Amino acid sequence: MDTNSPKSKEQFVHSVFESIAPKYDIMNDVLSFRRHKAWRKFTMKKMNIQPSNTAIDLCCGTCDWTISIAEASQTGNIVGLDFSQNMLDVGKVKVDRANLDRQIELIQGNAMDLPFEDNRFDYATIGFGLRNVPDLKRTLAEMQRVVKPGGMVVCLELSKPTWQPFKGIYYFYFQKILPMLGKILVKRYEQYKWLPESLAAFPGRYELADIYREIGLKDVQAYPLTGGIAALHIGIKER
Ligand SMILES: C[S@@+](CC[C@H](N)C(=O)[O-])C[C@H]1O[C@@H](n2cnc3c(N)ncnc32)[C@H](O)[C@@H]1O
């Protein structure tokens, strides 16, 4: 699969998520050994959302994080944005089931070109999405643009463990076993092979923190999660 040009990467990623949407949540639990739940919990704690805070959740997919943010904010308007209608459809069922349909607005759109004015939200978040966009700096810059001065740009994403022997064992699982599980469990080999491929081209924890600073975000914090297989990055828009 040619994912070298920005357009073909975007089209390929779109087709991946359109195809795996109905099985995305269950596969997330299986493939991460449910670790993603702990990572999301830790992230929410660090975000410290207050009642009535507003947020945009980019690449919201099936809306797990969007829903947690809405619940923490209680009354604030929360936007979930994703370019896969199939992922949004799964998310919409969950939003309705949680009775959050008046608080959460779901929009089909591109993370690199947000349809909102500057300084609109208290938070901009992206969960396991930044690895998938063709231009991560542009996406982070868009997040920075739409948050208010003092607002938070938050990225929860897979990352690169550095210490052996954990690193070796993890990469064996991630590169060899995980795509096979995708093939066996949901008949999607190419789609799950994309996961390790997308991480290979993605910056490590320190590099991503540097990119946060490069685009002008302040007080940048980067937390390794589960031995560095994921990382949480937080930056604040200058007041
Ligand atoms: C791995 S899923 C993450 C879903 C969700 N945030 C979560 O934490 O489970 C990545 C999502 O990013 C979306 N996505 C990828 N590139 C995008 C883009 N350029 N614009 C909008 N959504 C995009 C995909 O459709 C998919 O739903």
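Predicted model only: the values in this text are computed from it and were never measured. As the structure lists them, so they are numbered: ligands from 1, and atoms in each ligand from 1.
Using a 4.0 Å cut-off between a side-chain N of Lys or Arg and a carboxylate O of Asp or Glu, Asp64 and Lys37 do not qualify as a salt bridge. A salt bridge links Arg213 and Asp210; the closest N-O separation between the charged side-chain nitrogens and carboxylate oxygens is under 4.0 Å. A salt bridge links Lys137 with Glu214; the closest basic N to acidic carboxylate O contact falls under 4.0 Å. Comment: Glu197 engages Lys193 in a salt bridge, judged by a side-chain N to carboxylate O separation of less than 4.0 angstrom.
The shortest contact between atom 6 (N) of ligand 1 and any protein heavy atom is with Cys59 O, 2.7 Å.
Polar contact with ligand 1: absent for Pro134 (N/O pair, distance under 3.5 Å). On a distance-only criterion, Asp82 and ligand 1 share at least one N/O pair closer than 3.5 Å. Looking at Phe83 next to ligand 1, an N or O pair under 3.5 Å apart turns up. Taking distance alone, with nitrogen or oxygen atoms compared against 3.5 Å, Tyr24 approaches ligand 1 more closely than that limit. Looking at Gly127 next to ligand 1, an N or O pair under 3.5 Å apart turns up.
Proximity of Val133 to ligand 1, defined as any heavy-atom pair under 4.0 Å, is confined to the side chain (atoms from C-beta onward). Counting heavy atoms under 4.0 Å from ligand 1, residue Arg40 touches it through the side chain alone. Heavy atoms of Cys63 found under 4.0 angstrom from ligand 1: none, in either backbone or side chain.
Not a single heavy atom of Ala21 sits closer than 4.0 Å to an atom of ligand 1.
By heavy-atom distance, the residue among Trp194, Phe128, Trp65 lying nearest atom 1 (C) of ligand 1 is Phe128.
At a cut-off of 3.5 Å, with distance as the only test, a side-chain donor of Trp39 or Thr226 sits close to an acceptor on the other residue. Using a 3.5 Å distance cut-off with no hydrogens or angles, the side chains of Thr54 and Asn77 do not pair a donor with an acceptor.
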Candidate pair Gln50 and Asn48, rule side chain to side chain contact (heavy atoms under 4.5 Å, CB included), full reasoning: CA-CA 6 Å; Gln50 299 300 308; Asn48 190 24; 3.1 Å; yes

